[in-house]
Every structure is written in C-alpha cells, then in structure tokens.
Amino acid sequence: MTPPTSRTWAKRGHTPVIKVRGRSQRRYSIAALTCYKPGERSRLIYRPKRHADHKQGGRRSFTWTEYRDLLTAAHQQLGGPIVLIWDNLNVHKDRRMRAFIDAQDWITAFHLPPYAPDLNPVEGIWSLRRSSQANTAFTDPEHLIRVLRRGLRQIQYRSNVIDGCLAETRLKLTTPQLQAQ
C-alpha cells in the first residue's frame, strides 16, 4: 500500500515525507475491458480482486475462470458479440481460456504483438487510475479499494476519457460497409 507520489511541496531545505504505517503483504489485482462500439458511448467494465492467500503460495493474479466470468458478464451487459483484443498475458493465452473462447460464437479474440503496450487502450486507464491514488497513505486495505473504485467509477462515467484512451493508441474502429444491391 505504498502510495504513488505525485507533485508535492515542502519548506525549502526539507524533504517531503509521506508517512505510511508499514508494508502490507496483501495483494490486489484489477481486470478491465474498454468497450467501444461505433455510434454508442464507450464503456469501462472492471473487476477488482483481493488475493487472500498469496503468502501461502496461492495465485497472485486473476485465473482464467475469473477472466471467463468477466467476459460473460461483459457479454450480458453489452448485449452483443465481443471482439476481444488482448495483450500477451499468459492467462489470456491459457489453453482452457482458448477453448472457452473457441466454444463461444459471440467472442472473436486477437492478440496484440508482444511488447506493444502502446496499442492497448486499457493501459491509458491504468495511468489515469493512478491520479486518484497519488499522495494518499491508505489506512487499511478497504480504504485502498474504496479509493480505487471511486477513481475507476469517475473514469467509467466519462466516455470521452475512454475514447481518448483509444485515440492515444492511434487504432481506428472500422466496420464493414454494406454494399448497396
């Protein structure tokens, strides 16, 4: 729970210090989808997860089943097919995840080239998320989650910010043109 730092100030000759209680051994992960559809507002769908047993050798990230559940929830929320563009995270390429995607007629998946985070619109969300946490010493894990959810909710309700994350990648949404008969 060491806070990300932003701009701060102190008297001349004094180093600014942010006091925290100590290092927490708890771990949190967030999975998110930025959703774009021509003619509709852009959306952000996310899920935070607390990893309770990572000190005892448990998993320290999302499992393929949790990604599957996120995709299923997104499909229900969006009410249509999903074209999924993923980075090369090992869970995204897991054989069980691939089998799930192949079994669904509403998902088409593509993987970004390795080492191309600049093509992933979600990376813009992560950098924006940090601004809501800057210079904050969290009192406990619940405080961290509250601030995190509030920051993501602020982004979630601003579709122009989500559109900006896509524009930053310089990728374009294209739809096939219907030919007149």
Side-chain angles (χ1 to χ4, degrees), residues 27-54 58-133 145 147-181:
R27 183 170 175 100
Y28 292 90
S29 296
I30 305 167
L33 300 170
T34 51
C35 307
Y36 305 95
K37 187 173 183 180
E40 293 188 18
R41 75 177 183 88
S42 300
R43 297 183 186 192
L44 173 68
I45 300 172
Y46 67 92
R47 298 286 185 275
K49 176 182 165 86
R50 178 179 179 184
H51 304 283
D53 65 345
H54 84 277
R59 187 163 183 92
R60 297 174 57 158
S61 61
F62 276 81
T63 63
W64 79 272
T65 57
E66 291 162 330
Y67 280 108
R68 177 199 64 199
D69 296 344
L70 176 62
L71 289 172
T72 303
H75 174 62
Q76 290 172 351
Q77 185 176 346
L78 298 170
I82 294 175
V83 177
L84 187 61
I85 301 174
W86 262 351
D87 57 16
N88 288 288
L89 186 66
N90 60 355
V91 177
H92 296 170
K93 293 183 151 195
D94 186 282
R95 63 178 169 74
R96 296 165 293 186
M97 190 74 215
R98 283 195 317 257
F100 168 74
I101 289 171
D102 292 343
Q104 310 307 315
D105 61 347
W106 48 268
I107 300 178
T108 305
F110 298 97
H111 288 277
L112 290 170
Y115 306 106
D118 52 325
L119 296 177
N120 190 347
V122 174
E123 296 298 331
I125 299 296
W126 299 143
S127 62
L128 289 169
R129 170 194 59 86
R130 293 183 66 77
S131 64
S132 66
Q133 298 172 3
I145 287 294
V147 170
L148 182 66
R149 284 182 187 265
R150 186 178 335 116
L152 287 171
R153 232 180 282 123
Q154 288 173 352
I155 296 169
Q156 199 172 31
Y157 294 118
R158 294 186 180 127
S159 60
N160 59 332
V161 172
I162 301 168
D163 289 340
C165 292
L166 179 65
E168 182 67 25
T169 66
R170 296 189 187 111
L171 297 174
K172 305 238 184 289
L173 291 178
T174 58
T175 55
Q177 298 292 326
L178 297 176
Q179 295 183 1
Q181 295 185 15

Gap between atom CD1 of I145 and atom CD1 of I30 - 0.5 Å precision: 6.5 Å
So, N88 side chain and L112 main chain: donor-acceptor pair closer than 3.5 Å or not? yes
On a heavy-atom basis, the closest approach of Q154 and R158 is O-CG, 3.4 Å
Find the distance between CD (Q104) and CZ (R68) and round it off to the nearest 0.5 Å. 9.5 Å
Determine yes or no for a side-chain-to-main-chain donor-acceptor pair under 3.5 angstrom, with H75 supplying the side chain and G80 the backbone. yes
Closest approach of I162 and I155, non-hydrogen atoms and distance? CD1-O, 3.8 Å
Value for CH2 (W106) from CD1 (I101), rounded to nearest 0.5 Å, stands at 8.5 Å
Nearest 0.5 Å, what's the NZ-CG distance between K93 and D87? 9.5 Å
Of all heavy-atom pairs between S42 and S159, which one has the smallest distance, and what is that distance? O-CB, 3.5 Å
Can you list the steps and then say if L33 with I82 is a side-chain contact (heavy atoms from CB on, under 4.5 Å)? CA-CA 11 Å; L33 300 170; I82 294 175; 5.7 Å; no
Can you give me the closest heavy-atom contact between A32 and L70, atom names plus distance? N-CD2, 4.5 Å
Any non-hydrogen side-chain atom of K49 less than 4.5 Å from a side-chain atom of E66? yes
Which label fits W86 and Y67: parallel for a plane angle under 30°, tilted from 30 to 60°, or perpendicular past 60°? perpendicular
So, do T108 and P81 sit near enough that their side-chain heavy atoms are less than 4.5 Å apart? no
What distance separates D94 CG from L89 CG, expressed to the nearest 0.5 Å? 10.0 Å
Does a side-chain heavy-atom distance below 4.5 Å link F62 with D69? no
If I compare all heavy atoms of R43 with all of Q77, which pair ends up nearest, and what's the gap? NH1-O, 3.5 Å
Using the side-chain contact (heavy atoms from CB on, under 4.5 Å) definition, which of the options L71, T63, T65 pairs with M97? L71
Here the pair of heavy atoms bringing Y46 nearest to R153 is OH-N, 4.2 Å
